[in-house]
Amino acid sequence: MHAVIQKDYNGIDSIQTVNISTPKSSIIGALVDVKYVPVLPWDIKNEKGLLTQMHTSSLPKILGYGFSGTIHDNNIFGPTRGTRVVGASPNWTYAEIINASIPPYVFLLPDNVSLEAGATIFGGADTAMMMIQSVGVHPNDIVLLIGASGSIGSYLYQMLLTLKANVTILSSKRSFKYTKSIFPSAQVVSDIDLISNNSVNFVLDTAGSETLLNQAENKLFEGGTLFTSALPTYQKQRIDIYSEFNNNPISPNRYKEIIEMLSNGTLKAHINKIFKFNDVKAAQHYEDETASRGRILVNINE
């Protein structure tokens with residue numbers, strides 16, 4: 001079967017599609033025919049060698065950790081063949097068949113949630129929920145959200161609304177029109193100077209601009225919190241605020257909450273473009289070089 005591997009830190013054009021052995025079924029876990037995988041900035045940064053100070057990867061390795069697909073064969077402890085599932089796999093997901101080896105992180109997908117939407121949960125909705133859990137947003141808290149047009153930001157805005165937070169979106173000029181089109185009732189600005197200093201409880205960042213984060217610090221109340229999902233090396237300038245980055249996993253129950261919110265319409269997945277398996281490099285270049293417009297997916301098994 002085919003899989004996509006990273007063999008060095010020379011960037012996107014160095015990844016390869018290779019033939020590997022099909023994984024074998026086991027008592028624990030489930031074999032899954034992968035349908036869609038998300039294209040994640042984390043993978044791209046790792047391929048460029050930008051994350052080696054945070055963690056080291058054993059190379060070569062197969063890309064990915066999130067997937068949507070169908071159960072490949074029956075397992076006495078799991079769903080039956082053909083059952084639609086989504087999940088996270090700590091080993092890899094950019095392959096035609098994977099062994100989803102941690103059963104608590106394989107989830108049944110309701111009939112009214114598409115496999116495409118399900119694939120956006122990983123590196124999108126889960127990161128948004130992790131950010132909210134980490135900082136502890138409450139009703140009526142004032143939040144400056146930097147970037148709401150990408151997969152994390154669009155989910156984050158929707159979740160903040162369910163918490164009844166007061167949210168202002170700071171958008172780039174090139175994403176302003178798109179952001180307003182998907183969230184027409186949102187308060188969106190493209191100039192950070194329009195936000196008063198010392199006026200917000202939280203800055204939640206999905207863009208990763210150090211210059212912008214330096215400016216955003218001034219918008220926080222004393223004791224406020226800045227959380228960035230996009231710039232792990234950021235160092236705060238103010239001593240009277242909190243700054244945080246983490247990529248801790250959320251619990252299986254939180255994933256189930258996300259799936260239920262997609263099913264009942266509380267959350268909507270925003271999908272930019274779907275690439276064919278043979279076009280993985282093009283998909284990553286598109287993610288890396290164009291404005292964020294929801295999640296980009298790769299169709300593994302057409």
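One-based numbering along the sequence shown. Computed from heavy atoms alone, side chains included, the values below leave out hydrogens, waters and symmetry copies.
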- For Lys45 and Ala230, indicate whether the former's side chain and the latter's backbone hold a donor-acceptor pair under 3.5 Å. yes
- Item | N/O donor-acceptor pair under 3.5 Å between Ser190 side chain and Lys173 backbone | no
- Item | Verdict with supporting geometry, Glu116 and Ser68, side-chain contact (heavy atoms from CB on, under 4.5 Å) | CA-CA 7 Å; Glu116 294 93 330; Ser68 68; over 6 Å; no
- Task: Give a yes or no on whether the backbone of Glu260 and the side-chain of Ser263 come within a donor-acceptor separation of less than 3.5 Å.
- Result: no
- Pair Asn99-Ser101, side-chain donor/acceptor within less than 3.5 Å: no
- Task: Answer yes or no: is there a side-chain heavy-atom contact under 4.5 Å between Ile250 and Ile258?
- Result: yes
- Task: Might you work through the side-chain contact (heavy atoms from CB on, under 4.5 Å) test for Ile98 and Ile62, ending with a clear yes or no?
- Result: CA-CA 11 Å; Ile98 65 168; Ile62 300 174; over 6 Å; no
- Are Ile274 and Val280 connected in a single hydrophobic cluster, I mean Ile/Leu/Val/Met/Phe/Trp/Tyr linked by side-chain heavy atoms less than 4.5 Å apart? no
- Query: Are Ile5 and Gln16 close enough that some pair of their side-chain heavy atoms sits under 4.5 Å apart?
  - Reply: yes
- Task: Take Glu96 and Ile300, measure what side-chain contact (heavy atoms from CB on, under 4.5 Å) needs, and give me the verdict at the end.
- Result: CA-CA 6 Å; Glu96 292 172 306; Ile300 299 293; 4.2 Å; yes
- Gap separating the NZ atom of Lys48 from the CG atom of Asp288, nearest 0.5 angstrom: 3.5 Å
- Glu47 versus Gln284: any side-chain heavy-atom pair under 4.5 Å? yes
- Nearest heavy-atom contact between Leu63 and Gln6 is CD2-CB, 3.8 Å
- Query: Just by distance, do the side chain of Asn301 and the backbone of Lys35 share a donor-acceptor pair under 3.5 Å?
  - Reply: no
- Message: Is the distance from the ring center of Tyr255 to that of Phe122 below 6.0 Å?
- Response: yes
- Note on the structure: Nearest heavy-atom contact between Ile71 and Asp73 is CG2-O, 3.1 Å
- Message: A side-chain contact here means heavy atoms from C-beta on lying under 4.5 Å apart; do Gln133 and Arg254 qualify?
- Response: yes
- Which pair of non-hydrogen atoms, one from Ala283 and one from Val298, has the smallest distance, and what is that distance? CB-CG2, 4.0 Å
- Item | Distance in Å, Thr162 OG1 paired with Lys164 NZ, rounded so as to fall on 0.5 Å steps | 8.5 Å
- Output the distance between atom CD1 (Ile121) and atom CZ (Arg295), rounded to the nearest 0.5 Å. 12.0 Å
- Query: Any donor and acceptor pair, going by atom type alone, linking the side chain of Thr70 with main-chain N or O of Gly82 inside 3.5 Å?
  - Reply: no
- Is there side-chain contact between Asp13 and Lys281, with heavy atoms separated by less than 4.5 Å? yes
- Closest non-hydrogen contact found for Ala88 with Phe67 is N-CE2, 3.7 Å
- Query: Quick one: ring-ring contact (aromatic ring centres under 6.0 Å, His included) pairs with a partner in residues 131-173, sequence neighbours left out?
  - Reply: Tyr157-Phe183
- Item | Any donor-acceptor pair under 3.5 Å from Gln237 side chain to Gln235 backbone | yes
- Message: Counting only heavy atoms from other residues, nucleotides and ligands, does the tally under 6.0 Å from CD of Glu289 exceed 12?
- Response: yes
- Is there a side-chain contact between Tyr94 and Val39 (heavy atoms, below 4.5 Å)? yes
- Query: Do the side chains of Val106 and Tyr65 join up, straight or via other hydrophobic residues, at under 4.5 Å, putting them in one cluster?
  - Reply: no
- Message: Taking Val113's backbone N and O only, do any of them form a donor-acceptor pair with Arg84's side chain (distance below 3.5 Å, no angle check)?
- Response: yes
- Remaining members of the apolar cluster that contains Phe221, side-chain heavy atoms under 4.5 Å: Ile142, Leu144, Ile146, Leu170, Val189, Ile192, Leu194, Ile195, Val200, Val203, Leu212, Leu213, Leu220, Leu226, Leu231, Tyr234, Ile241
- Within the distance-only criterion (no hydrogens, no angle test), does the side chain of Lys273 pair as donor or acceptor with the backbone N or O of Ile296 below 3.5 angstrom? no
- Task: Would you please test Leu109 and Leu115 for side-chain contact (heavy atoms from CB on, under 4.5 Å) and show each step?
- Result: CA-CA 8 Å; Leu109 200 61; Leu115 289 171; 3.9 Å; yes
- Query: Any sub-3.5 Å donor-acceptor pair from Thr225's side-chain atoms to Tyr242's backbone N or O?
  - Reply: no
- Message: Looking at Glu210, I want to see if its CD is surrounded by more than 12 non-hydrogen atoms of other residues, nucleotides or ligands under 6.0 Å.
- Response: no
- Message: How close do Glu287 and Pro41 get, counting heavy atoms only, and between which atoms?
- Response: OE2-CG, 3.3 Å
- Query: Would you call Asn246 and Phe227 a side-chain contact if the rule is heavy atoms closer than 4.5 Å?
  - Reply: yes
- Message: I'd like to know if the side chain of Arg293 pairs up with that of Ser175 as donor and acceptor (distance under 3.5 Å, no hydrogens or angles considered).
- Response: yes
- Side-chain heavy atoms of His72 within contact of Asp33, under 4.5 Å: yes
- Task: If the plane angle is over 60° it's perpendicular, under 30° parallel, otherwise tilted; pick one for His2 and Phe277.
- Result: perpendicular
- Query: With distance as the sole test, does Asn218 use its side chain to make a donor-acceptor pair with the main-chain N or O of Ala216 at under 3.5 Å?
  - Reply: no
- Measuring from Met159:CE to Thr266:OG1, what's the distance to the nearest 0.5 Å? 10.5 Å
- Item | Donor-acceptor pair between Lys219 and Asn197 side chains, under 3.5 angstrom | yes
- Task: Search all heavy atoms of Met1 against all heavy atoms of Pro23 and return the closest pair with its distance.
- Result: CE-CD, 3.4 Å
- Message: Within the supplied structure, the quantity of interest is the number of heavy atoms (other residues, nucleotides, ligands) at a distance under 6.0 Å from Asp111 CG; does it exceed 12?
- Response: no
- Task: Hey, could you give me the OG1/CG distance between Thr83 and Leu108, rounded to the nearest 0.5 Å?
- Result: 6.5 Å
- Query: Can you tell me how far OG1 of Thr228 sits from NZ of Lys236, rounded to the nearest 0.5 angstrom?
  - Reply: 14.5 Å
